[in-house]
Amino acid sequence: MKKVLILFTIFLVVVSCNPPTNNPEDEPVNDPNAALAESDIGSSGGIIETEGITLTVPPGAFSSAVTISIFSGEASDNVFGDNAVTSPFRIEGLPEDFTKPVRVVLKYSGSLANEHYLAVGNELEVIESVDPVINTTLFEAKDSSGYLIADIEPPASSSSSEGSMKKGTSSVISRMLIMGLSNMSNYETPYFKLVHQFQADRVKIKKLAEYMDAAIDTFASMNLIDKSIAEAAIKEYGKLKVTIWGRNNEKYRGWCIDMPEFSMQTIDIPPTYGLYVMSYLVKIKFSISENVLIVSSEEEIRSLAFAWVYRMCCFSHAGSHQDWFTYGSTLWMQEKYSGVAEYDVNKSPDLAMSPLAGIESGKSIFTDTRKAKTVLGGELTVQEENYSYSMVPFIKYLDLTYAKDKSLISRILTETIFAQSGTPAEGIVNALEDPEYIWFPGFCKAYLTRELYNISYVHFQDKIHSLDQLDFYDEVDTILYSEEDYADLSAHLYSVNLLMPEFKDNATLNLKLGPSSLNLDYVTAMAFGLRNGELEYFDHASDLTITNLAGLKYNNYHSIVILVINSANEPPFNESITIDLDTEMRIVPKDFNWVIFRVVTRANYTYTDGSSTTEGDFYYADANLRRGALSNNRFTATWNEPLSDGTSSGNITIVFDPDQFPRYITGYSVTETRKLSDTRTFTITAENIKLQGYRDYDGSYLYTALGEDTRDFISYINEEYSGSDGYGYATDGVPVINDDSYIEIVLGPKELE
C-alpha cells in the first residue's frame with residue numbers, strides 16, 4: 001500500500017528587533033519527554049520562555065486559548081551537526097489558524113560566520129511508518145547581540161481568499177523544530193540556491209542543481225513556465241532555495257516540497273498573473289536529506305529534480321491545488337526525463353482498472369474527502385492520490401501520442417484553471433483537437449496490450465464479475481445480451497468464453513452496441529483475443545464481426561475479451577448512460593438451400609363489382625419448405641408442384657447483405673399462384689429484415705416479428721382471386737398492420753431437409 005504523507009507547513013520571515021531584556025532562569029532539561037516550559041495562551045497573547053529560547057505571541061494572534069509547550073530537541077533533531085550554533089528546540093501546540101506573526105528569539109554560542117540561518121523543520125507524519133521525515137527550511141537570520149531573531153508568519157490559509165484549499169488535517173502544528181546555524185555553504189545556479197553543510201557531497205549537490213536548471217529549460221519549452229518572468233521574479237524576490245540536511249532518513253522519503261497556500265482560481269486578471277505568481281514561486285522551499293543524495297544514482301537524482309521542478313510549474317498554473325492530473329503528470333515527468341518509474345501496478349493491483357473505470361474524478365469515484373499534504377507539495381485527497389498514481393499510463397499515452405504538441409500539458413492545465421473547463425477531464429477534452437472516440441480507444445488498446453506498462457491480464461481478469469462472463473458451450477447458445485450503465489470516458493470489460501471443443505468453418509462472433517439512439521461514433525466494442533494470458537488486439541467498432549472462430553480455437557485462443565467504451569456524454573461527465581451489448585455466435589451454414597416464409601396481416605379488399613372495400617384477414621397459408629440455390633448472396637427458388645386438389649407454382653428471391661450474411665436480408669419477394677376450384681395469386685415483398693432472433697434447436701435460423709413490428713419489414717402484399725362464377729377481389733398492396741400481425745422466416749442448411 002502506498003504511504004500517505006501529512007505535512008504541516010510553516011513560513012518564516014526574518015525581521016530586525018532588540019533582544020529580550022530579561023535573562024531566562026530555567027535550566028535546560030535533557031529529557032525530551034519533559035517540557036522545558038508550558039503556558040496557556042489565548043487571544044490576549046503572551047510569552048513563553050526557557051533557557052535559550054523565547055516565544056512571543058502578540059494579542060489577537062490566537063482565536064482561543066491553547067497550550068504551548070517547549071521541549072529540548074532530541075540528539076537526532078540536530079540534522080546539521082557542527083554547523084548548529086544553538087541547541088535544538090521542539091515547539092508543540094501552535095494552532096494552525098493563528099493570524100499574526102509569532103516571534104522567536106534563539107540564544108547562540110560561539111561566533112558566527114558571514115552567513116547564518118534559522119532552521120525550521122517540520123515532521124512529515126508517515127502513516128504506517130515509525131520513521132518520520134523532516135522538512136527543513138533555512139532562513140537568513142538577524143544577529144542581535146548573541147541572539148538570532150525571526151518572526152513566524154501565520155499559515156496562508158488563515159488569510160487566504162475564498163476558494164483556496166484548506167490546510168492540513170489537524171487543528172495544531174504537532175511538531176516544529178528550531179535551531180540556529182552558521183558556517184553553511186551554498187551552490188548557486190541561475191534559478192536556485194542550494195544551501196548545505198560544509199562537509200556535504202558537493203558532486204551530488206552540483207548534479208542536483210544542474211538537473212533542476214535543465215528541468216527549467218525543458219518545461220519552459222513546454223510553455224509550463226515563462227523564463228523571462230521567472231528571471232524577473234528571481235531578480236526581485238531572490239532565487240528558489242533548496243535545503244540539504246544531514247539526517248539519515250529512508251531513501252525516497254527524505255525529500256519534500258513546502259509551498260505557500262495559493263489558489264490560482266482566485267486570480268481574475270490572467271494577462272498579468274505571471275510575475276504575481278512568480279513571487280509565490282520563490283516562497284516554495286525544497287528540502288532533501290543528504291543521505292538521499294549519497295545513496296541515489298545519477299538517474300534517481302535527475303528523477304527527483306524533474307519531479308520537483310514540474311510540480312513548481314504546475315503551481316504557477318494551479319496554485320497549491322492538486323488533482324489527479326497534476327499529481328499523475330508529475331510522476332510521469334519524473335519517469336520521462338530520468339527513466340526512473342514510480343508506476344508499478346503490482347504495488348496496487350486494485351488500481352489496474354482505474355483508467356478504464358472513468359477518467360473523471362471527484363464525483364462517484366471519490367467519496368472520502370480527507371486531504372493530506374504530499375511529498376510533492378500541495379494537498380489532495382488520499383483517494384485521489386491513489387487514483388492519480390493509477391492514471392500515469394493514461395497521461396503517458398497522451399504525452400507520447402501527441403509528442404509533437406509541446407504545449408499540450410500546459411493547455412490542459414490552462415483549460416482546467418482559466419478556461420472554466422473545471423475538471424482535468426474537461427481540460428483534456430477541450431485541449432485536444434482529436435475527438436474522444438479517437439484517443440480514448442487508442443489508449444485502451446495500448447493499455448490492455450501492455451504497450452505502456454507491463455500489466456498482466458490477471459490484474460484485469462480479477463475485475464470481471466460472473467455477470468460479465470459470457471459463456472458459449474455449444475452451437476445452440478447463440479446469443480447473449482448485456483446491459484450496463486457507463487460513465488463518460490469509461491469502459492466495461494467482458495470475457496466471451498469459447499467453451500465448445502471446436503467450431504464449424506466460417507463460424508463468427510458478432511458484437512453489436514445499442515440502443516440506436518446513441519451516437520455510435522463514441523460508443524465502441526473493442527475485441528481482444530486471449531491466449532496464454534496475453535491479449536492481442538483484433539478490431540473495434542459499434543457493430544463488429546469476428547470471423548474465423550474455428551482458426552482462433554485451433555490456435556488456442558480460448559476467450560474473446562470485449563471492452564465496451566463510452567465517450568458519448570457531454571461535460572461535466574458526472575452522468576452515465578445505458579449501453580446494450582448484443583453478443584451473437586453464428587455458425588453460417590455451408591449449403592443454405594431452403595426457406596419457409598409465413599405471414600399474417602390484414603388488407604383492404606376491392607370486389608369485382610366495385611361495390612365495396614373492406615378490411616379482412618390476409619393469410620399466406622402455404623408456408624411450405626421451398627428449396628433453391630444460393631449464389632453471390634442471392635437465394636432463388638422456383639416451384640411447380642401438385643396439391644391434393646390443384647397445383648401450386650411460384651418463385652422466391654432473397655438478397656442478403658454480404659457483410660452481415662445471413663443475419664440481414666436487404667430484399668425479399670415471393671409470388672405464388674394456387675389453382676384449385678378457383679385461382680389465387682399472392683405477391684409479397686419485404687426488405688431490411690434483421691435476423692437477430694435466434695438459431696433454432698434444429699440448426700435453422702428463425703426470425704419472428706409480432707404485432708406492429710412487422711411494418712418495419714413488409715413493404716407490399718397483394719392477393720388476386722377469381723372464381724369460376726366470375727366473382728373475385730383484389731387487395732390494394734398496402735398491408736394493414738395490427739397487433740395480430742406477424743412475420744416468420746426460417747432459413748435452413750442442406751443437412752436439415
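By convention here, the first residue in the shown sequence is residue 1. Fair warning: this is a prediction, and the values are worked out from it, not measured in the lab.
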Flag the pair Lys404 / Tyr402 as yes when at least one side-chain heavy-atom distance between them is below 4.5 Å, and no otherwise. no
If we check salt bridge (charged side-chain N to carboxylate O under 4.0 Å, His left out) with Lys512, which of these qualifies: Asp543, Asp580, Asp582? Asp543
Check for me whether the distance between the ring centres of Phe597 and Tyr668 falls short of 6.0 Å. yes
With heavy-atom distances below 4.5 Å as the criterion, would you say the side chains of Leu549 and Tyr557 are in contact? no
What pair of heavy atoms forms the shortest contact from Ser567 to Leu489, and how long is it? CB-CD2, 3.7 Å
For Thr508 and Thr545: C-alpha separation, side-chain torsions, deciding distance, then whether side-chain hydrogen bond (donor to acceptor under 3.5 Å, both in side chains) applies. CA-CA 7 Å; Thr508 60; Thr545 298; 6.0 Å; no
His558 vs Leu530, side-chain contact (heavy atoms from CB on, under 4.5 Å): CA-CA, chis, key distance, verdict: CA-CA 6 Å; His558 55 82; Leu530 178 62; 3.5 Å; yes
Would you mind checking if Arg626 and Glu641 are paired as a salt bridge, meaning a charged N to carboxylate O distance below 4.0 Å? yes
Give a yes or no answer on whether the side chain of Thr666 reaches the backbone of Val655 with a donor-acceptor pair at less than 3.5 Å. yes
Report the C-alpha distance between Lys336 and Asp399 in whole Å, list the side-chain angles of each, state the deciding distance to 0.1 Å, and finish with yes or no for side-chain contact (heavy atoms from CB on, under 4.5 Å). CA-CA 10 Å; Lys336 178 181 179 180; Asp399 193 38; 2.7 Å; yes
With a 4.5 Å cut-off on side-chain heavy atoms, are Val746 and Val595 touching? no
Taking the side chain from Thr601 and the backbone from Val736, do they hold a donor-acceptor pair closer than 3.5 Å? yes
Value for CD1 (Ile654) from CD1 (Ile652), rounded to nearest 0.5 Å, stands at 6.5 Å
Any idea which heavy atoms bring Ile562 and Ala525 closest together, and the distance? CG2-CB, 4.4 Å
Applying salt bridge (Lys or Arg N to Asp or Glu O under 4.0 Å), name anything that partners Asp434, two or more places apart in sequence or on another chain. none
Review item, side-chain donor-acceptor pairs of residues 442-456, under 3.5 Å, at least two apart:
| unit_1 | atom_1 | unit_2 | atom_2 | d |
| --- | --- | --- | --- | --- |
| Tyr447 | OH | Ala352 | O | 2.5 |
| Thr449 | OG1 | Lys445 | O | 2.5 |
| Thr449 | OG1 | Glu451 | OE2 | 3.0 |
| Arg450 | NE | Asn454 | OD1 | 2.7 |
| Arg450 | NE | Ile455 | O | 3.4 |
| Arg450 | NH1 | Glu534 | OE1 | 3.1 |
| Arg450 | NH1 | Glu534 | OE2 | 2.6 |
| Arg450 | NH2 | Asn454 | OD1 | 2.4 |
| Tyr453 | OH | Glu335 | OE1 | 2.6 |
| Tyr453 | OH | Glu335 | OE2 | 3.2 |

Would you give the length of the straight line joining atom CG of Leu630 to atom CG of Asn593, rounded to the nearest 0.5 angstrom? 9.5 Å
Would you say the side-chain atoms of Ser410 pair up with the backbone N or O of Ser407, donor to acceptor, closer than 3.5 Å? no
I'd like to know if the side chain of Thr401 reaches the main chain of Leu398, judged simply by a donor and an acceptor atom lying under 3.5 Å from each other, with no hydrogens or angles considered. no
Quick check against the 3.5 Å criterion: does Asn632 have a side-chain atom that pairs as donor or acceptor with the backbone of Arg634? no
Run Tyr343 and Tyr389 through ring pair (Phe, Tyr, Trp, His ring centres under 6.0 Å) and show every step you take. CA-CA 7 Å; Tyr343 181 81; Tyr389 173 83; 5.5 Å; yes
Judged by atom type as modelled, is there a donor-acceptor pair below 3.5 Å linking the side chain of Ser649 to the main-chain atoms of Asn640? no
Which atom pair, heavy atoms only, marks the closest approach of Glu719 to Tyr729? OE2-OH, 3.3 Å
Where Leu544 and Asp539 come nearest, the two heavy atoms and their spacing: CD2-O, 3.6 Å
For Asp712, is there any backbone N or O sitting under 3.5 Å from a side-chain donor or acceptor partner on Asp709? no
Rounded to the nearest 0.5 angstrom, the CD-OH distance for Glu483 and Tyr481 is 4.5 Å
Which pair of non-hydrogen atoms, one from Asn738 and one from Arg602, has the smallest distance, and what is that distance? ND2-CD, 2.6 Å
Distance in Å, Ile560 CD1 paired with Phe472 CZ, rounded so as to fall on 0.5 Å steps: 10.5 Å
I want to check something: taking the side chain as every heavy atom from C-beta on, are Phe440 and Ile359 in contact at a cut-off of under 4.5 Å? yes
Are Tyr522 and Asn566 close enough, and set up right, to give a side-chain hydrogen bond (donor to acceptor under 3.5 Å, both in side chains), and what steps lead you there? CA-CA 6 Å; Tyr522 289 84; Asn566 171 42; over 6 Å; no
Rounded to the nearest 0.5 Å, what separation is found between the CZ atom of Phe538 and the CD1 atom of Ile546? 6.5 Å
Assess whether a salt bridge exists between Glu720 and Arg680, defined as any Lys/Arg side-chain N lying under 4.0 Å from an Asp/Glu carboxylate O. no
Any side-chain heavy atom of Thr583 sitting closer than 4.5 Å to one from Ser482? no
For Thr673 and Thr681 the tightest heavy-atom approach is OG1-OG1, 3.4 Å
Exceeds 12 heavy-atom contacts within 6.0 angstrom, atom OH of Tyr607: yes
With distance as the sole test, does Asp468 use its side chain to make a donor-acceptor pair with the main-chain N or O of Ile464 at under 3.5 Å? no
So Phe394 and Trp324, would you call those rings parallel, tilted or perpendicular, with 30° and 60° as cut-offs? tilted
Val599 vs Ile714, test: side-chain contact (heavy atoms from CB on, under 4.5 Å). Steps then yes/no. CA-CA 9 Å; Val599 63; Ile714 300 175; 3.5 Å; yes
Could you go through Gln469 and Tyr494, starting from their C-alpha distance and side-chain angles, then the distance that decides it, and tell me whether this counts as side-chain hydrogen bond (donor to acceptor under 3.5 Å, both in side chains)? CA-CA 6 Å; Gln469 299 276 354; Tyr494 300 89; over 6 Å; no
So do Glu708 and Asp739 actually touch side chain to side chain, heavy atoms under 4.5 Å? yes
So, Asn718 versus Thr683: side-chain donor-acceptor pair below 3.5 Å or not? no
Nearest 0.5 Å please: distance from the CG atom of Leu356 over to the CG atom of Leu493. 7.5 Å
Please walk me through it: do Glu672 and Ser648 pass side-chain contact (heavy atoms from CB on, under 4.5 Å)? CA-CA 7 Å; Glu672 181 185 17; Ser648 172; 2.5 Å; yes
Flag the pair Val561 / Leu535 as yes when at least one side-chain heavy-atom distance between them is below 4.5 Å, and no otherwise. yes
Hey, does the side chain of Thr414 reach the backbone of Arg411 with a donor-acceptor pair shorter than 3.5 angstrom? no
Does Ser354 reach the main-chain N or O of Tyr387 with its side chain, forming a donor-acceptor pair under 3.5 Å? no
Thr416 versus Glu426: any side-chain heavy-atom pair under 4.5 Å? no
